[in-house]
Amino acid sequence: MIVAIDGPSGTGKSSTSKAVAARLGLSYLDTGAQYRAMTWWMLANGVDVQDPAAVADASGKPVVTSGTDPLHPQISVDGTDVSGPIRSQEVTAAVSAVSAVPEVRARMVDFQRRTAAAAPAGIVVEGRDIGTTVLPAATVKIFLTASAEVRAARRSGELNGAVSVAATREALIRRDAADSGRTTSPLAKADDAVEVDTSELTLDEVVDRIVALVEQRRAAVR
Ligand SMILES: Nc1ncnc2c1ncn2[C@@H]1O[C@H](COP(=O)(O)OP(=O)(O)OP(=O)(O)O)[C@@H](O)[C@H]1O
Ligand SMILES: Nc1ccn([C@@H]2O[C@H](COP(=O)(O)O)[C@@H](O)[C@H]2O)c(=O)n1
């Protein structure tokens, strides 16, 4: 059972994927955290993230490791837990440049496929290109969306309004444009993905909907 959950920034992929995996007894992989971890390492080691050749050259150096327990997601680089630092504004602003580099993607995609293949009961994998490129044979594919206004309000709320809704909205739109516009496996909905607009749904409603889709698919293949 492989569940691919893709979508633009802030649509609820992480919250939803963790909850779906926990409800169904599946493993969980946050591929965005992996690109963030690679970006964190580049910034910490003085690599110019706007120079694709420099990023490509350095991309084999850090060892990025992800946990797959949805109740205790973990991400580390060279053995150091980076789950806090990868959420910084600096990393968020730089991650799209790093994730657009084909050598970075090749390493990550290989790791993501091996992780999915090793999951004992199945896995929920979230990202931007899981249904289209990483795991095109996924059992269930979901593409989450939500209006930019709703996404910005949710993100700004997380930061207790420290960054305005308008600035958050602009940053989300900029990141989505970069992720959709890159040449190698851009953010895109797979033709056979089910689109779920989360703008007017609670998290529980989104999770219920996806769990029901997975259970329907399970029943159909039995
Ligand atoms: N259906 C929902 N209703 C209300 N709030 C939600 C819903 N889904 C997620 N949220 C909230 O929206 C915010 C963004 O959610 P989350 O981090 O899961 O999104 P994401 O798509 O993984 O974001 P990113 O791509 O930036 O990593 C969080 O504060 C989360 O609690
Ligand atoms: N499959 C993926 C997942 C993520 N990215 C890039 O990582 C950035 C951070 O993702 P979050 O989900 O943690 O916000 C994202 O903006 C993409 O640049 C990717 O390319 N492919």
Side-chain angles (χ1 to χ4, degrees), residues 2-17 29-40 42-43 49-53 55-56 59 86-113 116 124-138 140-156 158 163 165-201 206 210:
I2 293 185
V3 182
I5 302 191
D6 290 303
S9 310
T11 48
K13 297 181 300 299
S14 296
S15 329
T16 304
S17 300
L29 183 63
D30 178 353
T31 64
Q34 297 178 324
Y35 289 101
R36 287 174 178 273
M38 177 68 84
T39 304
W40 172 84
M42 297 277 168
L43 293 170
V49 294
Q50 300 305 329
D51 178 351
V55 170
S59 64
I86 63 166
R87 304 289 160 193
S88 70
Q89 298 281 9
E90 197 191 6
V91 169
T92 301
V95 66
S96 294
V98 171
S99 71
V101 175
E103 289 80 357
V104 170
R105 300 204 74 78
R107 287 178 194 285
M108 294 300 177
V109 169
D110 178 57
F111 179 66
Q112 292 157 8
R113 287 180 178 149
V124 180
V125 185
E126 58 142 314
R128 302 292 190 288
D129 61 340
I130 309 306
T132 55
T133 305
V134 180
L135 299 162
V140 175
K141 297 182 189 178
I142 306 293
F143 194 78
L144 291 187
T145 62
S147 71
E149 287 66 30
V150 165
R151 293 187 280 140
R154 288 174 182 167
R155 275 269 175 259
S156 181
E158 267 176 5
V163 182
V165 176
T168 308
R169 182 179 179 279
E170 291 318 305
L172 287 171
I173 290 172
R174 212 175 312 119
R175 189 147 64 97
D176 290 343
D179 292 341
S180 307
R182 68 175 174 239
T183 309
T184 309
S185 58
L187 159 67
K189 176 182 174 294
D191 291 339
D192 51 349
V194 176
E195 183 166 331
V196 179
D197 184 340
T198 73
S199 306
E200 305 291 330
L201 299 175
V206 179
I210 296 174

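Residues satisfying the side chain to side chain contact (heavy atoms under 4.5 Å, CB included) criterion with Arg155, sequence neighbours excluded, are Glu158, Thr168. Not counting sequence neighbours, the partners of Glu149 by the side chain to side chain donor-acceptor pair (under 3.5 Å) test are Arg169. Under the side chain to side chain donor-acceptor pair (under 3.5 Å) criterion, Lys141 pairs with Asp192, not counting sequence neighbours.
Residues Leu172 and Ala152 approach most closely at CD1-N, 3.6 Å, considering heavy atoms. Shown here for Ser180 and Pro186, the closest heavy-atom pair between the two residues is O-CB, 3.3 Å. Here the closest heavy-atom approach between residue Ala97 and residue Val49 is recorded as CB-O, 3.6 Å. Ile86 and Val91 get closest at one heavy-atom pair: O-CG1, 3.3 Å. When all heavy atoms of Ala146 and Thr11 are compared, the pair lying nearest together is N-CG2, 3.7 Å.
Side chain to side chain, Ser15 and Arg154 fail the donor-acceptor criterion of an N or O pair below 3.5 Å. Between the side chains of Ser99 and Arg36, no donor-acceptor pair of N or O atoms lies under 3.5 Å.
Remark: the backbone N or O of Ala100 is not paired with any side-chain donor or acceptor of Arg105 at under 3.5 angstrom. Under the 3.5 Å distance criterion, the side-chain polar atoms of Ser199 are matched with a main-chain donor or acceptor of Ser147. Judged by distance alone, the side chain of Lys13 and the main-chain N or O of Pro8 form a donor-acceptor pair under 3.5 Å. The backbone N or O of Phe143 sits nowhere less than 3.5 Å from a side-chain atom of Asp6 that would complete a donor-acceptor pair.
A side-chain contact (heavy atoms from CB on, under 4.5 Å) with Ile130 is found for exactly one of Leu29, Thr31, Val109, namely Thr31.
The distance from atom CD1 of Ile5 to atom CZ of Arg128, rounded to the nearest 0.5 Å, is 13.0 Å. Between Glu200 atom CD and Thr198 atom OG1 the span is 9.5 Å, to the nearest 0.5 Å. Between the OG atom in Ser17 and the CD1 atom in Ile142 there is a gap of 9.5 Å [rounded to 0.5 Å].
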- Query: Given Met42 and Ser59, is the side-chain contact (heavy atoms from CB on, under 4.5 Å) satisfied, shown in steps?
  - Reply: CA-CA 8 Å; Met42 297 277 168; Ser59 64; 4.3 Å; yes
- Message: Is there a side-chain contact (heavy atoms from CB on, under 4.5 Å) between Val196 and Leu201? Walk through the geometry before answering.
- Response: CA-CA 9 Å; Val196 179; Leu201 299 175; 4.0 Å; yes
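Within the 4.5 Å cutoff, side-chain heavy atoms of Asp176 are placed close to those of Arg151. Side chains of Val134 and Arg113 form a contact here, defined as non-hydrogen atoms less than 4.5 Å apart.
More than 12 heavy atoms of other shown residues, nucleotides or ligands fall within 6.0 angstrom of atom CD in Glu195.
Ion pair Arg182/Asp179 flagged as a salt bridge, since at least one NZ, NE, NH1 or NH2 atom sits closer than 4.0 Å to an Asp/Glu carboxylate oxygen.
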